[in-house]
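First the proteins, then the strands, lettered A, B, ... as listed; each starts at 1. Side-chain atoms are counted along with the backbone in the values below, which use heavy atoms only and exclude waters and symmetry mates.
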Number of protein chains: 2
Amino acid sequence: MTGTTQQARRSDATRTAILAAARERFAADGYERATIRAIAKDAAIDPSMVMRYYGNKEGLFAAAIDLDLRLPDPAEITVDDMGRTLVRHFLDLWEENEVLTALLRVGVTNAAGAERMQDIFKRQTLPLALRVCPDPAEAPVRAALCASQVLGLALTRYVLRFGPAVGLGRDETVEWLAPTLQRYLTAERP
Amino acid sequence: MTGTTQQARRSDATRTAILAAARERFAADGYERATIRAIAKDAAIDPSMVMRYYGNKEGLFAAAIDLDLRLPDPAEITVDDMGRTLVRHFLDLWEENEVLTALLRVGVTNAAGAERMQDIFKRQTLPLALRVCPDPAEAPVRAALCASQVLGLALTRYVLRFGPAVGLGRDETVEWLAPTLQRYLTAERP
DNA sequence: TAGATTTGCCAACAGACGTTGACCAACAAG
DNA sequence: CTTGTTGGTCAACGTCTGTTGGCAAATCTA
């Protein structure tokens, strides 16, 4: 039936249950404290199944964070709306599932996670920076500044859970952060 | 000799060696992967000494991050220089030792660490926000926004080690971030 | 129906972890 | 010198970790 793509396996339900439980645990506990035993218990299967389907803990993590970021097309954004669009996009990405939270938690204590995070943010922000910033050579720095503000908000809001940052509404957040990113991207170098 | 204060113990050298090793390990590895055994080995003593002097791992961590933040006096800062002063102060604090890096790494996977971090940033930024922001009721939000940018920079620079964020010079960083904090503190609510 | 493959559980391994208590050497006080 | 206190090592404990291999049942293939 599924000729060209992948053969549908009978264990697909288990596999996705494991992945869902893994994402939840990684997001809540970080890499070390998210034990395979706990994940397996959440998925209501035996720990050894995790090993069979994902090889080892690193493989499970890699599969759990293999997300598809729907990058906005740089060509379709008005230059003046760049900051606003970016903040909106990131907030959506962050709140639609726990993958990015998991990645942030793990990236802080795990080298592979840090690299993946770096890759994601490079791919997200660099093209946009290249499109709008005055000097292309400055694009990496400007993109990194944007990443620092976005990641900082995610950190205080979704991980450390600072009261005021959690209470901030979505639109409020956009209004506060958008001008910052806009300046990092387009302003003359200070 | 030391009558009023603390009696000087013969083991003080060992105690500080343990603390130094602990800070290094916590900053480099996070809470879980910084094992007592590894810390003891770095300090060239037996793991059981750590237990005797600091009770348990949590006690050791608490002692390791018991830092003194030299808060700038709000009354002595020009309102217009508030952003610049804050960024400078945080950069200094972050680069003079590894305590804050350790705290950030641990705060992400450890509830006690997160609380301590929250406490530090409340105490650092709230008084300044209260002094300069238009409406005192908005001070917590404005302080949290400042915290998000500062922590975001620390995250990308000292923990995730994004290339461009690491390469950014101190003065450059100040010039980029200061206007952001200034706006978060003093601008009209967007 | 007979055999092969997949899915799952169970029990166990080896290593690392935090933590404990017994024990020895150096020192201080009488 | 004797006695109590402090600084330190050693060996071990119970527990938890990732990981492995064997075995039973369910399912697919012929």
Side-chain angles (χ1 to χ4, degrees), chain A residues 1-3 6-26 28-65 102 105-106 109-113, chain B residues 1-3 6-26 28-65 102 105-106 109-113:
Chain A
M1 195 171 287
T2 55
Q6 198 78 357
Q7 186 65 245
R9 282 157 307 195
R10 195 155 31 100
S11 58
D12 280 350
T14 305
R15 293 177 128 94
T16 61
I18 292 175
L19 277 191
R23 290 199 188 96
E24 226 169 289
R25 284 284 178 174
F26 282 131
D29 299 337
Y31 189 81
E32 334 285 335
R33 302 204 337 206
T35 68
I36 290 190
R37 285 172 152 94
I39 293 170
K41 188 173 237 178
D42 288 357
I45 44 92
D46 191 88
S48 62
M49 304 298 296
V50 178
M51 310 304 295
R52 182 175 301 178
Y53 292 143
Y54 298 100
N56 53 28
K57 193 177 181 180
E58 284 208 17
L60 172 63
F61 176 69
I65 63 166
R105 269 227 162 80
V106 172
T109 46
N110 181 281
Chain B
M1 195 173 284
T2 55
Q6 197 79 355
Q7 186 65 244
R9 284 158 305 195
R10 197 155 33 101
S11 59
D12 280 348
T14 305
R15 293 179 129 93
T16 60
I18 292 176
L19 277 192
R23 289 198 190 98
E24 227 170 287
R25 285 284 180 175
F26 282 131
D29 299 338
Y31 189 80
E32 333 284 337
R33 304 205 336 207
T35 69
I36 290 190
R37 285 172 150 94
I39 292 169
K41 188 172 238 179
D42 287 357
I45 44 92
D46 192 88
S48 62
M49 305 296 296
V50 178
M51 311 304 296
R52 184 179 301 183
Y53 292 144
Y54 298 100
N56 53 28
K57 193 177 180 180
E58 283 208 16
L60 173 63
F61 176 69
I65 63 166
R105 269 226 163 81
V106 172
T109 47
N110 182 283

Rounded to the nearest Å, what distance is computed from the CD atom of residue B:E32 to the C1' atom of nucleotide C:dG18?
12 Å
Euclidean distance, A:T35 OG1 relative to A:K41 NZ, rounded to 0.5 Å:
9.5 Å
Round to a whole Å and report the spacing from NZ of B:K57 to P of C:dA16.
15 Å
Nearest 0.5 Å, please: how far is OH in B:Y53 from CG in B:L60?
13.5 Å
Inter-residue atom distance A:D42.CG - A:R37.CZ, 0.5 Å rounding
14.5 Å
Does the side chain of A:V50 come within less than 4.5 Å of A:I45's, by heavy atoms?
yes
Heavy-atom side-chain contact between A:T109 and A:E32 under 4.5 Å:
yes
A:R10 CZ to D:dC28 C1', in whole Å, measures 7 Å
How long is the span from the CG atom in B:D29 to the CD atom in B:E24, to the nearest 0.5 Å?
10.0 Å
B:R9 CZ to D:dT5 P: how many Å, rounded?
17 Å
Looking at residues 39-55 of chain A, who's got a heavy atom less than 4.0 Å off DNA chain D?
A:S48, A:M51, A:R52
Residues in contact with DNA chain C, drawn from residues 12-20 of chain A - heavy-atom cutoff 4.0 Å:
A:T14
Whole-Å distance between D:dT15 C1' and B:R37 CZ?
12 Å
In this structure, how many angstroms lie between the P atom of D:dT17 and the OH atom of A:Y31, rounded?
14 Å
Take the angle between the ring planes of A:F61 and A:Y31 and call it parallel below 30°, perpendicular above 60°, tilted in between.
perpendicular
Mind listing the side-chain donor-acceptor pairs of residues 14-22 of chain B below 3.5 Å, one per line with the distance, residues two or more places apart or on another chain?
unit_1: B:R15; atom_1: NH1; unit_2: B:S11; atom_2: OG; d: 2.8
unit_1: B:T16; atom_1: OG1; unit_2: B:D12; atom_2: O; d: 3.3
unit_1: B:T16; atom_1: OG1; unit_2: B:A13; atom_2: O; d: 3.0

